[in-house]
Number of protein chains: 2
Amino acid sequence: MISSKEMHNTCHMSDKCIKYNECPMVLVQKILSGKRKIMILWYLSGKILRFNDIKRRLPDVTQKMLTQQLRSLEEDHLIFRNVYPVVPPRVEYGLTELGEKIIPLLEMMHGFGAEYLELNLKNNNDVGMRKTN
Amino acid sequence: MISSKEMHNTCHMSDKCIKYNECPMVLVQKILSGKRKIMILWYLSGKILRFNDIKRRLPDVTQKMLTQQLRSLEEDHLIFRNVYPVVPPRVEYGLTELGEKIIPLLEMMHGFGAEYLELNLKNNNDVGMRKTN
DNA sequence: CTGAATCCCTCGCGATACTG
DNA sequence: CAGTATCGCGAGGGATTCAG
């Protein structure tokens with residue numbers, strides 16, 4: 001069994017990750033760096049939702065942008081897309097088997113976010129008020 | 001003690017998160033959705049690095065973009081920035097106490113990325129070849 | 001209902017030059 | 001070395017329309 005610390009070090013460019021594109025962290029960075037990816041995955045955790053179900057939960061997202069994010073997640077095999085040939089059309093999204101493996105990560109994110117908020121309340125900071133990343 | 005599942009549900013817009021901006025997941029989404037944030041935090045885990053140390057580890061990042069990402073992380077109090085008034089200038093970056101709390105998350109990301117890569121090798125997929133998110 | 005396709009414009013981002 | 005400042009292009013993303 002390789003320790004977490006060892007794993008960590010192998011991922012630094014200057015250390016053992018010969019090819020940058022084979023680094024697990026680079027992969028995760030790419031997969032998650034969409035503007036709504038984390039929220040979408042979170043909403044799909046343990047559920048299957050239709051397009052508008054997701055859209056309704058994401059304030060200020062346009063149909064075009066949401067479609068893009070969903071396509072991207074689908075390309076990465078984290079979510080599946082099921083089209084029912086009925087009228088009106090019915091399209092369902094859910095986590096793939098691979099996608100489900102990210103749920104513990106999402107839950108830990110939630111824990112971190114809660115911890116962060118708690119500290120934030122005490123210090124009167126305001127993270128959410130900035131414009132971009 | 002509240003269960004993970006309960007925590008999870010409280011975060012869905014349609015459920016208990018009255019104010020969207022107070023949802024821990026929305027916060028995490030905002031904090032992490034930068035294009036290089038995860039990699040920067042990862043490189044700073046347990047280390048203190050100078051500007052060029054970070055730049056060297058991030059292929060194809062411009063000085064301008066890196067500065068932006070660093071400023072953003074600093075605003076969110078995840079990293080600190082220490083300027084030494086010497087010549088030539090010396091500026092060091094590292095995780096704050098708050099930032100260090102994200103390390104377990106990063107390590108779990110690494111684990112997920114590794115798992116993902118393993119599956120990817122078997123199925124001959126190619127996540128890293130797309131253009132954007 | 002769930003898209004795809006256009007139009008159009010902002011601004012993200014790279015390139016370059018300059019400063020303490 | 002570690003930045004700011006400026007310019008300029010092209011992609012990102014909004015609004016709207018059309019389609020199955």
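Everything quoted here is computed from the prediction, not taken from an experiment. Quick note on labels: first sequence line is chain A, next is B, and so on, each numbered from 1. Atoms considered below: every heavy atom in the structure, side chains included; atoms not considered: hydrogens, waters and symmetry mates.
For B/Lys64, counting side-chain heavy atoms from C-beta on, the closest listed nucleotide (D/dG14, C/dA15, C/dT2) is C/dA15. Minimum atom distance to the side chain of A/Phe51 is reached by C/dT2, of the listed D/dG20, C/dT2, D/dG13. For A/Thr67, taking side-chain heavy atoms from C-beta onward, the closest of the listed nucleotides D/dC1, C/dG14, C/dG3 is C/dG3. Proximity note for B/Gln63 (side chain, C-beta onward) versus D/dT4, C/dC1, C/dG14: the nearest is D/dT4. Checking C/dT2, D/dG3, D/dG13 against the side-chain heavy atoms of B/Arg71 singles out D/dG3 as nearest. Picking from C/dG20, C/dT2, D/dG14 the nucleotide with the shortest atom distance to the side chain of A/Pro89 gives C/dT2. The side chain of A/Asn52 approaches C/dC1 more closely than any other nucleotide in the set D/dC1, C/dC1, C/dA15.
Look at CE on B/Met65: it is 14 Å from C1' on D/dG3, rounded to the nearest Å. In this entry the distance linking CD of B/Gln68 with C1' of C/dC11 reads 11 Å, nearest Å.
Residue contacts shown for A/Tyr84 are absent, as no nucleic acid heavy atom lies under 4.0 Å away.
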Chi angles and distances behind the side-chain hydrogen bond (donor to acceptor under 3.5 Å, both in side chains) call for A/Tyr84, A/Glu92: CA-CA 8 Å; A/Tyr84 296 85; A/Glu92 293 181 342; 3.1 Å; yes
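Between B/Tyr93 and B/Phe51, the angle of the ring planes lies from 30° to 60°, which puts this pair in the tilted group.
With rounding to the nearest 0.5 Å, the separation of CZ in A/Phe80 from CG in A/Leu95 is 8.0 Å. The line from CE of B/Met25 to OG of A/Ser45 is 7.0 Å long, rounded to the nearest 0.5 Å.
At D/dG3, one or more side-chain N or O atoms of B/Arg81 fall inside 4.0 Å of OP1 or OP2 (strictly under the cut-off). Distances shown here put a side-chain N or O of A/Arg50 below 4.0 Å from the OP1 or OP2 atom of C/dT2.
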